[in-house]
Novice: 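This structure is in structure tokens; I'll ask about it shortly.
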There are 2 protein chains.
Amino acid sequence: MSDTTAHDRLDSLDTPFLAVDLAVMDRNIERLAGRLRGTGVQLRPHAKSHKCVEIAQRQIDSGAIGLTVATIGEAEVFAEAGFTDLFIAYPLWLTPQKAHRLRRVAAGAQLRVAVDSVAGARQLAEHLGNLPITVVVEIDSGHHRTGVDPGEAGAVATAARSAGLNVVGVFTFPGHGYTPGQRAQVAAQESRALDDAADSLRAAGIEPSVRSGGSTPTVDSADNTVLTEVRPGVYPFNDAQQFELDVCTLEDIALSAVTTVVHTRDRTAIVDAGSKILGADRPGWATGFGRLIDDPDARIVALSEHHATIEFPGAAPSPGTRLRIAPNHLCNAVNLVDSLVIDTADGPLHWAVAARGTNT
Amino acid sequence: MSDTTAHDRLDSLDTPFLAVDLAVMDRNIERLAGRLRGTGVQLRPHAKSHKCVEIAQRQIDSGAIGLTVATIGEAEVFAEAGFTDLFIAYPLWLTPQKAHRLRRVAAGAQLRVAVDSVAGARQLAEHLGNLPITVVVEIDSGHHRTGVDPGEAGAVATAARSAGLNVVGVFTFPGHGYTPGQRAQVAAQESRALDDAADSLRAAGIEPSVRSGGSTPTVDSADNTVLTEVRPGVYPFNDAQQFELDVCTLEDIALSAVTTVVHTRDRTAIVDAGSKILGADRPGWATGFGRLIDDPDARIVALSEHHATIEFPGAAPSPGTRLRIAPNHLCNAVNLVDSLVIDTADGPLHWAVAARGTNT
């Protein structure tokens, strides 16, 4: 079993640390790329999930057209590393300093940014109107975070165009797909919302050549007659949420916190991985604070900063035993470490989480 | 109002960032130090909360006898910075590498470590038996994480002493005090458990000169006829959890994420601070994912990595408005940034989160 081998290969490293099974990750990257080939839907993976140059490069090598990022800081890291097509999928509120940083990114990369209000469009044009950037309008497809109603997309696009911006389409994040049993329905909502928003742009005389959506839970159900692009982030790794949402199997989870049991009583073990390496995410529907990759029947019932409390169906493993925990939400876990331990057949590599902590 | 002034002073910094109001923090540090003076109870604050050398120094300057840390990595950072009395309040499971690192820490600082099992005591003695370190037995006072039942403390202490370790007492973490309305009752449980464990050591012929407990929610109710030492971590800053547990007022919260509104609709605003700067902690009893320091009636109803969704009782503030959010659990928030912005009357300082990410 590759599990046992991975354990052995990483035995000399002290716990806790985040390990990536390279073979599983490469399989995940290729699987999605393969599914999209020939569908006309382009892949622009979200780099916020891994924040890692080496992984972004593998995504490009498998056919991704560019990267999605969440912050100017992430754009800076990936532009500096040589990535030339970047989309900041966030309705930035610019300051002179942020605008200055964006100019520098745009000097070396094709840059796409988001707007989701008339005021935001005007502010963006004021700061960056003379740059050769493209703009997409964020719409709300049901997640109710940022984004305008699909029917208002044309008005925002018109304001942006009037202010001098080059509007090329619409995008959305169907985050409400992170609910058990809702993936197909949410993907349908997403497609409908993007279609309506595209109509709203056309009615305003603007061609919506970009219709961008997608997230790891919904990407498989995305309607390729509507969407031109998808932006999943988690799919190279997968995590406990994706497993509990039926997006993947435990064998498809490439990233785990390797941890050591420090205390055992009866069916309960306490391990040295806590919220400072797993992150503290726990949606209401989750069965716990992560999942044991090698024991589907165990549950992580409590989490402190350096302790996870794990209940086993039988006797808990003894102190000193190593376990692998898939975090609930790997995007927050990856952001807690300076580097990922990449488990390869030739021994471990250390890949920097180059964009860790780039919140601004 | 100091709030307005703080906003103005930090206006040139792009959001989101973590800011500390130095005057409020110094008042919090001095308040607890003052309460403990003359009670016979010594203060050994937990440095995991701030991970910051400058703040640890202020705690020592106000009378703390040493520091508590959670990991060998934290001990290394604070030993390197010149702190000479360190307690790793965690039942470490040693490897040869971890033992080597502990030896180096012990070469420059007085070191106290934890045991909570006979096997752990033997393993510790095997690795470190010849070092001049002290050992305390961790007991479970009701939080049911690590630690043995108070009545078993003597057996663990005996095993540790037989293995050649210098056992000096007992300690506990009353983490179940993080429940509304339970603080005084949990503090009483803690005192009783420490008293029982001390008796268990005495029955084994070992003098329990250290009886260490305490957490920010319970420290005010700690029984000074039992406890010799307390280890609160959060008290220099406070956070939304402490406010909702009635431990502090909003005016006592020294640390906040300064954030900018990026989207507004009716009574809802979306800001640029999310779980990658606030942390994702949300106990079931919390009213949301943090609290607005300047608006007690607002609620943070949803959190993504770079978005918080805030509902206001009236019209939400416009895009571009800056707000201050107290994280639910600051220990995880501080660990997300490389430095804290210290707001002082003379302008902002940047203090490194020197022990950020030291999980091993």
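These numbers come from the heavy atoms of this one structure, side chains and all, not from hydrogens, waters or symmetry mates. Just so it is clear: chains get the letters A, B, ... in the order the sequence lines come, proteins before strands, and each one is counted from 1.
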Novice: Tell me if the CZ atom of A:R101 is crowded by more than 12 foreign heavy atoms within 6.0 Å.
Specialist: yes
Novice: With only heavy atoms counted, which part of B:T71 is less than 4.5 Å from chain A, the side chain, the backbone, both or neither?
Specialist: side chain
Novice: Specify the closest pair of heavy atoms between B:W93 and A:P319, including all atoms of both residues, with the distance to one decimal.
Specialist: CZ3-CB, 3.4 Å
Novice: Do you know which of A:V337, A:L336, A:V261 has the most heavy-atom pairs under 4.5 Å to chain B?
Specialist: A:L336
Novice: What part of A:V271 is in contact with chain B, defined as an atom under 4.5 angstrom from a non-hydrogen atom: side chain, backbone, both or neither?
Specialist: backbone
Novice: Side chain from CB out, backbone as N, CA, C, O: work out which of these in B:I270 comes under 4.5 Å of a heavy atom of chain A, or both, or neither.
Specialist: side chain
Novice: Return the orientation label for the A:H306 and B:Y90 ring planes: parallel under 30°, perpendicular over 60°, tilted otherwise.
Specialist: perpendicular
Novice: When heavy-atom pairs shorter than 4.5 Å are enumerated against chain B, which of A:L303, A:I277, A:L94 gives the highest number?
Specialist: A:I277
Novice: Report yes or no: do A:S304 and B:R145 form a side-chain donor-acceptor pair below 3.5 Å?
Specialist: yes
Novice: Taking side chain as C-beta onward, heavy atoms only, is A:R356 less than 4.5 Å from B:R356?
Specialist: yes
Novice: What residue in B:T95, B:T309, B:T146 has the most heavy-atom pairs under 4.5 Å with chain A?
Specialist: B:T146
Novice: Under 4.5 Å from any heavy atom of chain A, what part of B:F17 do you find: side chain, backbone, both or neither?
Specialist: neither
Novice: Does A:Q97 use its side chain to pair, donor to acceptor, with the backbone of B:S12 at less than 3.5 Å?
Specialist: yes
Novice: Does a donor on one side chain sit under 3.5 Å from an acceptor on the other, for A:H263 and B:E138?
Specialist: no
Novice: Indicate yes or no for a side-chain donor-acceptor contact from A:K48 to the backbone of B:E305 under 3.5 Å, with no hydrogens or angles considered.
Specialist: no
Novice: For B:R282, is it the side chain, the backbone, both or neither that has a heavy atom under 4.5 Å from a heavy atom of chain A?
Specialist: neither
Novice: B:S117 versus chain A, heavy atoms under 4.5 Å apart: side chain, backbone, both or neither?
Specialist: neither
Novice: Taking every heavy-atom pair that is under 4.5 Å apart, which of A:D281, A:T264, A:V262, A:T268 has the most such pairs with chain B?
Specialist: A:V262
Novice: Of the backbone (N, CA, C, O) and the side chain (C-beta and beyond), which part of B:H144 lies under 4.5 Å from a heavy atom of chain A, both, or neither?
Specialist: both
Novice: So what's closer than 4.5 Å to chain A heavy atoms on B:V301: side chain, backbone, both or neither?
Specialist: neither
Novice: Just by distance, do the side chain of B:N359 and the backbone of A:A273 share a donor-acceptor pair under 3.5 Å?
Specialist: no
Novice: Can you say whether B:D338 sits under 4.5 Å from chain A via the side chain, the backbone, both, or neither, judging by heavy atoms?
Specialist: side chain
Novice: Any Lys/Arg nitrogen of A:R265 or B:D116 sitting under 4.0 Å from an Asp/Glu carboxylate oxygen of the other?
Specialist: no
Novice: Look at A:G274, A:A70, A:S275, A:P96 and state which one has the largest set of heavy-atom pairs under 4.5 Å with chain B.
Specialist: A:S275
Novice: Considering only heavy atoms and a distance below 4.5 Å, find which of A:A119, A:C331, A:G357, A:A302 pairs most often with chain B.
Specialist: A:C331
Novice: Using every non-hydrogen atom in the two residues, find where B:T360 and A:D14 come nearest and quote the distance to one decimal.
Specialist: CG2-O, 3.7 Å
Novice: Might you confirm whether atom CZ of A:R299 has over 12 heavy atoms from other residues, nucleotides or ligands at distances under 6.0 Å?
Specialist: yes
